Amino acid sequence: MSSLPSVYSRIKAEGESRLTEEKRAQERRKSAVVLATRFLLDQGYVESAREIQRETGVDLDKVDAADNMDLMHVMQEYEEWYQLRFDKAPRFTRKSGTQAATARPCPSSASHLNHNAGGVLPRLAQTDMPSHPMPPPPPRRYSSPGTNPQPALSPKTKQIAARRARERKGSSKSGVADAASSSAPDEDDDLPSVTQNLGAGSGDGPLLQLTGQAVRKNKGAGGQVSSSAGAPDAGSEYYSSQLLRPCPPVAAFDTERQELTQIITRDICTSNPGVPWDDIIGLDRAKSLLKEAIVMPHKYPQFFTGLLAPWRGILLFGPPGTGKTLLAKAVATECRTTFFNISASSIVSKWRGDSEKLVRVLFELARHHQPSTIFIDEMDAIMSQRGAADTEHEGSRRMKTELLIQMDGLLGSQHDGGVFLLAASNLPWDLDAAMLRRFEKRILVDLPDPAARTSLFRHFLPPGAAEPLDFSDFARRTEGFSGSDIRLLCKEAAMRPLRRLLQRLESSPTADCAPQEGETGGEGCREGIPQPHESGAADCACGVGLEAVSAADISAALASTRPASHIPFVKYQQWHEKHGSQ
Ligand SMILES: Nc1ncnc2c1ncn2[C@@H]1O[C@H](COP(=O)(O)OP(=O)(O)OP(=O)(O)O)[C@@H](O)[C@H]1O
């Protein structure tokens, strides 16, 4: 039986350790608020940051995230530890609305903050919030993260983690060390200082002495972040989770600038255009150059430096309907950069006389949201050759000059490394020579060759033909057709069975022959081309049903369809030989 004093000291020790744990829990929560607020401010969510400060009483003028610490760092550290520990990446978020999500209590903000084993979270002294605009965030130094890994690691993991901790400590910068050493107990020395005191005499509040302890307890494995990450994101997932940063603040009196910013922000693609590279038939060279210029530098930035810096400007030129816009959509689908889809004619028509401001704001926003891709369709409409001073509108000259200046910025500055200009034109010979020089690659988007035309027929014609179709014969008969022409031809061919069906329906005396739901199209309908029934046969006793497209339908469509472009292709070839990239 233990003596009374030893029982007392055990109880006392337990009580102290519980108090310490509670204090740490409080500090952790406050640190989370500071890190989150700092993160929001750094990202430009000024209003949200201000609201959090108002609600929690946290004042970043008094206590801020430590120099080497931010939310991204904490998460990255956690990810690395988790990967090391469980050999898979943690998942930080999950779809809400599932049973699991609704089962979890979702407290109101106040009760959530107060819900802890240690009782109520003391509010910090409320100070006046800074008036708009918020002061710019101080420059951050991201030096050594210095997070202590969790307990319960395997010996091997412990070794690796210890080595990493030593390495970090060696490269640790003074900011953290100072903040930690002034207030931390010994045992916390190698734990991260998440927040730091700011200003003289501010070190007396509980929050202002925070040190370490960001991830003291190993709850990770069983916590909400325990499921493994799935396969790498597909382009569509990128769009579904794309978070546009708020635009840079514009002075309240500058309404014109606000309007311009709004106009351009509307042209940012935030939904997935849904065009994978494989949906583009042929055009292999254009595809590989675009991947090389936009997709790969984003994926493997370490290789695209110095002389190998990515291309900054590419011009796609060629006859109408050959897939230039489609290529841009594929870039937007796959590239994971912020994609600005700008129609040149809209710039010119809306802002005639003032378009240079729009151009300036466009590039500013692209830099703000970088990595980004600006796609300008109908480039010739905006950047035709500059005329003499007396024949050309002054506003138009100013806008062209601005675009040239901005292009120079892309080509010359490291700062703009994340902005890429993609332009398309049907009339490259009309483009201003100075602009042309600034496109590092000028790619001919060719008319499809016979093999590509065969594939286009296969791609567009609905499946389930009643007879075998000789696609290569159709390809032979469509020399000079663009992808768009072939699509229209296929649509015309597919319309013919539909017309026959409608004719029968209209002339039928009985009501029994009303078309069934889904007869003219439905799920398998491709780009507005009606689908036949799978059997290709009539659907009801009186012969009402959509027949399959036959060779005769295609021949008839061929007889009534002509290529849309009136510009001889040889003109593009000649221009390509003179100015195009080989
Ligand atoms: N290579 C291709 N592969 C698949 N579809 C194509 C191809 N080329 C054209 N098309 C079809 O033609 C349509 C029009 O193509 P797109 O708008 O990309 O042409 P464009 O070259 O941008 O024309 P314009 O110069 O007139 O703007 C596409 O939506 C697509 O259905």
Side-chain angles (χ1 to χ4, degrees), residues 267 269 272-291 314-334 339 341-348 373-384 422-431 439 442-462 471 474-475 478-495 524-530 557 561-569 571-573 575-576 580:
D267 283 342
C269 283
N272 188 352
V275 180
W277 293 112
D278 288 348
D279 270 12
I280 303 179
I281 314 267
L283 305 179
D284 293 334
R285 181 166 157 65
K287 281 196 268 187
S288 71
L289 259 171
L290 288 174
K291 284 182 198 170
I314 289 186
L315 172 71
L316 302 173
F317 68 92
T322 43
K324 298 180 287 298
T325 312
L326 211 57
L327 283 165
K329 284 183 184 170
V331 168
T333 305
E334 309 265 353
F339 195 86
N341 187 5
I342 310 287
S343 157
S345 57
S346 76
I347 295 184
V348 176
T373 304
I374 301 173
F375 173 58
I376 301 184
D377 208 353
E378 316 160 43
M379 190 63 180
D380 40 276
I382 191 176
M383 225 30 221
S384 58
L422 179 62
S425 172
N426 293 332
L427 307 168
W429 39 83
D430 279 355
L431 284 171
F439 286 116
R442 298 177 283 267
I443 305 170
L444 172 63
V445 182
D446 233 335
L447 286 172
D449 61 16
R453 292 200 296 274
T454 306
S455 303
L456 282 163
F457 274 109
R458 279 188 207 286
H459 179 70
F460 287 127
L461 280 174
F471 291 107
F474 305 142
T478 44
E479 175 85 50
F481 278 54
S482 68
S484 169
D485 294 330
I486 292 177
R487 181 183 171 278
L488 286 178
L489 193 154
C490 292
K491 182 171 180 177
E492 173 57 30
M495 282 301 290
C525 180
R526 226 182 251 157
E527 299 202 34
I529 298 172
T561 311
R562 295 280 168 271
S565 177
H566 57 277
I567 303 168
F569 183 64
K571 195 167 175 184
Y572 291 99
Q573 272 172 328
W575 197 88
H576 171 63

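The figures here come from the full heavy-atom set of this structure, side chains too, leaving out hydrogens, waters and symmetry mates. Ligands are counted one by one from 1 in listed order, and the atoms in each one are counted from 1 as well. All figures in this text were calculated on a predicted structure; none of them were measured in a lab.
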Could you tell me whether some N/O pair between [X] and ligand 1 is separated by less than 3.5 angstrom?
X    : value
P320 : no
I280 : no
T325 : yes
G483 : no

Among T322, I281, D279, which one has a heavy atom closest to atom 1 (N) of ligand 1? I281
Can you check which of P319, S484, A330 brings a heavy atom nearest to atom 12 (O) of ligand 1? S484
Atom of [X], atom of [Y] and distance for their closest heavy-atom approach:
X    : Y    : result
I443 : L289 : CD1-CD1, 3.3 Å
N426 : G318 : OD1-O, 3.2 Å
L456 : G483 : CD1-CA, 3.8 Å

Where on F460 is there a heavy atom closer than 4.0 Å to ligand 1, on the side chain, on the backbone, on both, or on neither? side chain
At under 4.0 Å between heavy atoms, what of R487 touches ligand 1? The answer is side chain
Evaluation steps, side-chain contact (heavy atoms from CB on, under 4.5 Å), between L489 and F474: CA-CA 11 Å; L489 193 154; F474 305 142; over 6 Å; no
Contact atoms of ligand 1, heavy-atom distance to L283 under 4.0 Å: 1 (N)
Ligand 1 to K324, heavy atom cutoff 4.0 Å, flagged ligand atoms 18 (O), 19 (O), 20 (P), 21 (O), 22 (O), 25 (O)
Heavy atom of G282, distance to ligand 1 below 4.0 Å: no
Does even one non-hydrogen atom of L456 get within less than 4.0 Å of ligand 1? yes
In terms of the angle between their ring planes, are F317 and W575 parallel, tilted or perpendicular, with boundaries placed at 30° and 60°? perpendicular
Please confirm whether the backbone N or O of P448 pairs with a side-chain atom of R453, one donor and one acceptor, at under 3.5 Å? yes
Backbone of V275 reached by a side-chain donor or acceptor of T333 within 3.5 Å: yes
Would you find more than 12 non-hydrogen atoms of other residues, nucleotides or ligands less than 6.0 Å from K329 atom NZ? no
